[in-house]
Structures are given as C-alpha cells and as structure tokens.
Amino acid sequence: MNQLLNKISLTLSQSHIDSPRLEARRILSFICHQSEDEVALLDRELSAEETQKLNEIIRQRQAHKPLDKILGTKGFYKYDFIVSEDVLSPRPDTEILVEEAIRLLTSDKAQKIIDFGTGSGCILLSLLAENKLWQGQGVDISPKALDIAKQNAALLDVEQQVRWINKGWFDADLGLALDSPVDMIVSNPPYIPSQDIQSLDEEVKNYDPMLALDGGEDGLHHYRQIAKVSSPLLKEGGYILLEVGIYQAQEVAEIFCQAGFNLVKIVSDLGQIARCVILKK
Ligand code: GLN
C-alpha cells in the first residue's frame, strides 16, 4: 500500500491540500477498515469497488470538500464524532475547553451541564463520557444538528445521561424547557463577525453551517444573549466556559462580568490565541 499512499499523497498535494500524506493515510484507512498505522503495511491490491470509492473521495477532496465532511467523521478529544454539513466540524482548539471543564467539575457527585449550541455534541458528549455521574442538556436551534448529536451520544454510549432541547437562546420559553439550576454551562457559539465570513477559508465557508459561524456585526451578538439568559440557569458558584474567536476574550469577559459573573481565567489554545473564557457565578 505504500506505493498507493505515495500516489494519493502526490495527487492531493498537486491540488494544494495541506497535509497530503496524512490525508492519504486517513483515506486508505477508511477504505480498508484498518487503523492508520496498519494501512501502510498492508500488502494487497484494492478491489474494484474500493478503487471506485477511493476515486470518488479524491474527486471530492480535489474540489476542496473537507475530508471529515467526505468521510463523515472527525476525531475530537478522545473520540471520533459523526459530522455532516449540518454541524460545525469539531476543532482541536475546542479541546482545551473540554479539559478545563473536566478539571472544574466534581468527579464524585452528580453534575448538571448545559451546552448552548451543541452541534455535533462534541463538547457535551466528551464530558459525559468522562463520568457516568454527569448529566447534560444539549441546546441547539437546528433539528438536523440534534440528529447528529443523538447519533454521537449513541456512539459514545451516553444516551442515558443526556437530553436534547431544540431551541435557541433568543427563544422566550428557553428557561421553561431546561432543567435548572445547573453546575456548569459550556458553549462554543457562532462568533465570526458577519463581514469576515466572506474571507473565511473556502472549506469552512462552504461546508460548515452559517448558523454555527455568524456572530453578528461584531461577532459578539450571541455572547450578549447567553450572558443575559445564563444567570438564572446556573447555581451559585457554578461555572460558565466559553470558546471565543481571536481578540474577543477581553470583551466577552466584560460582557459576562457586567451580567454578574466573575472572571476566573482566560486560557490560550496551542496557537497561543486566547480561546477559552472561564467565569464563575
Ligand atoms: N472556530 C470556528 C472557525 O474559525 C468558528 C466557530 C464558531 O464560530 N464558534 O472556523
């Protein structure tokens, strides 16, 4: 398979794909149902059916459809999540929010968590898979996103720990639909300023849902509303963890401090961008 890996890798690099070798390995591993480590060592030819599948995947990738949206899964934190064009693909930057949340939750007690804009469910479900005592409510305005999140809950075997709420945070009856108060609120809301959407990477702009990206004129529209609705939903001493876009951390912290929360800390991602704002009630 090594030769085939080289060939796929070359084809992808000619189409200006960033990590052609890595992707070639992921594609072959998907087609051959072998781990990425094992696939290079396989000593066999692809069947006609596998070759056809391979060519179809390469064709879509050459048209710059993101690989995770072609294969239908994306690795995040410790698990593989089902993704589609109805959900934002999980990003490695978001893993620090999960790590921080796990540190702040109590491990030997029932803990209730709300996730605003759950999408694929990657944040909430990663938390629930960490501890069987923890319970979650995933809120999303998109029923199609919730369908994907439900499938992921089944994959991670945490269906018994989660409820799904098909509402937005601007809905007047949101509070009634939620079981509260909770110990923690987490959210990666849409935060790209509307005028920046056009300059996003084609792969993001064309394949991640606009609903999960567009943060209004200054990108902070959703944080303002989440700050407004969160206080009555959170226990005294409870935490709120928010992912933010580049240069937004200070302003988001201020929005929440004005709504009565106290800033605990701002955590940077691996690229040294202030990415996660943590506050306490
Ligand atoms: N991190 C995503 C991106 O830059 C945006 C996610 C969001 O708006 N919450 O592509």
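Values reported hereafter were calculated over all heavy atoms of this structure, with side chains retained and with hydrogens, waters and symmetry mates removed.
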Under 4.5 Å between side-chain heavy atoms, hopping through other hydrophobics if needed: is there a path connecting Leu146 to Val158? yes
Is there a donor-acceptor contact under 3.5 Å from the side chain of His221 to the main chain of Pro190? no
Ser199 backbone acceptor or donor facing Lys205 side chain under 3.5 Å: no
Which atom of Pro20 lies closest to which atom of Asp18, heavy atoms considered: CD-O, 3.1 Å
N/O donor-acceptor pair under 3.5 Å between Asn166 side chain and Ile141 backbone: yes
Got a sec, which hydrophobics cluster with Leu28, joining ILVMFWY side chains under 4.5 Å apart, including via others? Met1, Leu4, Leu5, Ile8, Leu12, Ile17, Ile27, Phe30, Ile31, Val39, Leu42, Leu46, Leu54, Ile57, Ile58, Leu67, Ile70, Leu71
For a salt bridge (charged side-chain N to carboxylate O under 4.0 Å, His left out) with Lys65, tell me which candidate from Glu85, Glu202, Glu203 qualifies. Glu85
Is there a donor-acceptor contact under 3.5 Å from the side chain of Asp93 to the main chain of Asp269? no
Could you measure the distance from the SG atom of Cys32 to the CZ atom of Arg44? Nearest 0.5 Å is fine. 4.5 Å
Enclosure of Gln52 CD (heavy-atom neighbours >12, cutoff 6.0 Å): no
Looking at every heavy atom in both His64 and Tyr207, which two are closest together, and how far apart are they? O-CE1, 3.5 Å
More than 12 heavy atoms of other residues, nucleotides or ligands under 6.0 Å from NZ of Lys132: yes or no? yes
Are side-chain N/O atoms of Gln60 and Glu56 paired as donor and acceptor at under 3.5 Å? yes
To the nearest 0.5 Å, tell me how far Ile114 CD1 sits from Ile185 CD1. 5.0 Å
ILVMFWY network linking Val204 to Ile273, side-chain heavy atoms under 4.5 angstrom: no
Check Glu50 with Lys53, please: is the shortest side-chain N to carboxylate O separation under 4.0 Å? no
Would you give the length of the straight line joining atom CD of Gln195 to atom CG of Asp214, rounded to the nearest 0.5 angstrom? 9.0 Å
Please name the pair of heavy atoms, one in Pro181 and one in Lys112, separated by the smallest distance, quoted to 0.1 Å. O-CD, 4.1 Å
Return all side-chain donor-acceptor pairs below 3.5 angstrom for residues 245-268, not counting sequence neighbours, or 'none' if the list is empty.
residue: Gln248; atom: OE1; partner: Gly245; partner atom: N; Å: 2.6
residue: Gln248; atom: NE2; partner: Tyr191; partner atom: O; Å: 2.9
residue: Lys265; atom: NZ; partner: Glu100; partner atom: OE1; Å: 3.1

Checking Ser194 side chain against Gly216 main chain: does a donor-acceptor pair fall under 3.5 Å? yes
Shared hydrophobic cluster, Leu97 / Leu279 (ILVMFWY, side-chain heavy atoms < 4.5 Å): no
On a heavy-atom basis, which atom in Ala153 and which in Trp164 lie closest, and how many Å separate them? CB-CZ2, 3.9 Å
Shared ILVMFWY cluster between Tyr239 and Leu233, side chains joined below 4.5 angstrom? no
Are the side chains of Phe81 and Ser126 in contact, using a 4.5 Å heavy-atom criterion? yes
Determine yes or no for a side-chain-to-main-chain donor-acceptor pair under 3.5 angstrom, with Asp171 supplying the side chain and Gly168 the backbone. yes
Chi angles and distances behind the side-chain contact (heavy atoms from CB on, under 4.5 Å) call for Arg61, Ser15: CA-CA 9 Å; Arg61 192 62 189 111; Ser15 300; over 6 Å; no
Over all atoms of both residues, closest heavy-atom pair of Val229 and Pro232: O-CD, 3.5 Å
Considering only heavy atoms from C-beta outward, does the side chain of Trp134 approach that of Leu105 to under 4.5 Å? yes
When you measure from the side chain of Arg275 to the backbone N and O of Val244, does any donor-acceptor pair fall under 3.5 Å? yes
Taking only Lys NZ, Arg NE, NH1 and NH2, and the carboxylate oxygens of Asp or Glu, determine whether Arg224 and Asp218 approach each other closer than 4.0 Å. yes
Tell me if a side-chain donor or acceptor on Asp115 pairs with a main-chain N or O of Gly138 at a distance below 3.5 Å. no
Considering only heavy atoms from C-beta outward, does the side chain of Ser142 approach that of Pro209 to under 4.5 Å? no
Min side-chain heavy-atom separation Leu213-Leu88 under 4.5 Å: yes
Within the distance-only criterion (no hydrogens, no angle test), does the side chain of Asn152 pair as donor or acceptor with the backbone N or O of Cys122 below 3.5 angstrom? no
Using the rule given for side-chain contact (heavy atoms from CB on, under 4.5 Å), can you reason through Phe116 versus Gln225, listing the C-alpha separation, both sets of side-chain angles and the distance that settles it, and then say yes or no? CA-CA 11 Å; Phe116 281 134; Gln225 182 66 10; over 6 Å; no
Rounded at 0.5 Å granularity, tell me how far CD in Glu23 sits from CG in Asp68. 9.0 Å
Pair Asp80-Thr73, side chain to side chain donor-acceptor pair (under 3.5 Å): steps then yes or no: CA-CA 6 Å; Asp80 277 333; Thr73 70; 5.1 Å; no
Distance check, rounded to the nearest 0.5 Å: Gln14 atom CD versus Ser9 atom OG? 10.0 Å
Could you measure the distance from the CG atom of Leu242 to the OH atom of Tyr223? Nearest 0.5 Å is fine. 6.5 Å
Could you check whether any side-chain heavy atom of Ile226 comes within less than 4.5 Å of a side-chain heavy atom of Ser230, counting everything from C-beta outward? yes
Any non-hydrogen side-chain atom of Ile102 less than 4.5 Å from a side-chain atom of Leu127? yes
How about Gln160: does its CD atom have over 12 heavy atoms from other parts shown lying under 6.0 Å from it? no
Would you say Lys7 has more than 12 foreign heavy atoms packed within less than 6.0 Å of its NZ? no
With salt bridge (charged side-chain N to carboxylate O under 4.0 Å, His left out) as the test, pick out the partner of Asp183 among Lys280, Lys235, Lys281. Lys235
Residues joined to Leu41 in its hydrophobic cluster, side chain to side chain under 4.5 Å directly or through other members, sorted by chain and number, are none
Nearest atoms (heavy-atom pairs only) where Phe76 meets Arg91: CE1-O, 3.4 Å
Just by modelled atom types, is the His33 backbone N or O under 3.5 Å from a matching donor or acceptor in the Glu38 side chain? no
Ring-plane angle category for His222 and Trp169, please: parallel below 30°, perpendicular beyond 60°, tilted otherwise. perpendicular
Check whether any side-chain heavy atom of Pro66 sits under 4.5 Å from a side-chain heavy atom of Lys74, and report yes or no. no
Same hydrophobic cluster for Ile123 and Leu125, using side-chain heavy-atom links shorter than 4.5 Å among ILVMFWY? yes
Side-chain heavy atoms of Asp208 within contact of Leu200, under 4.5 Å: no
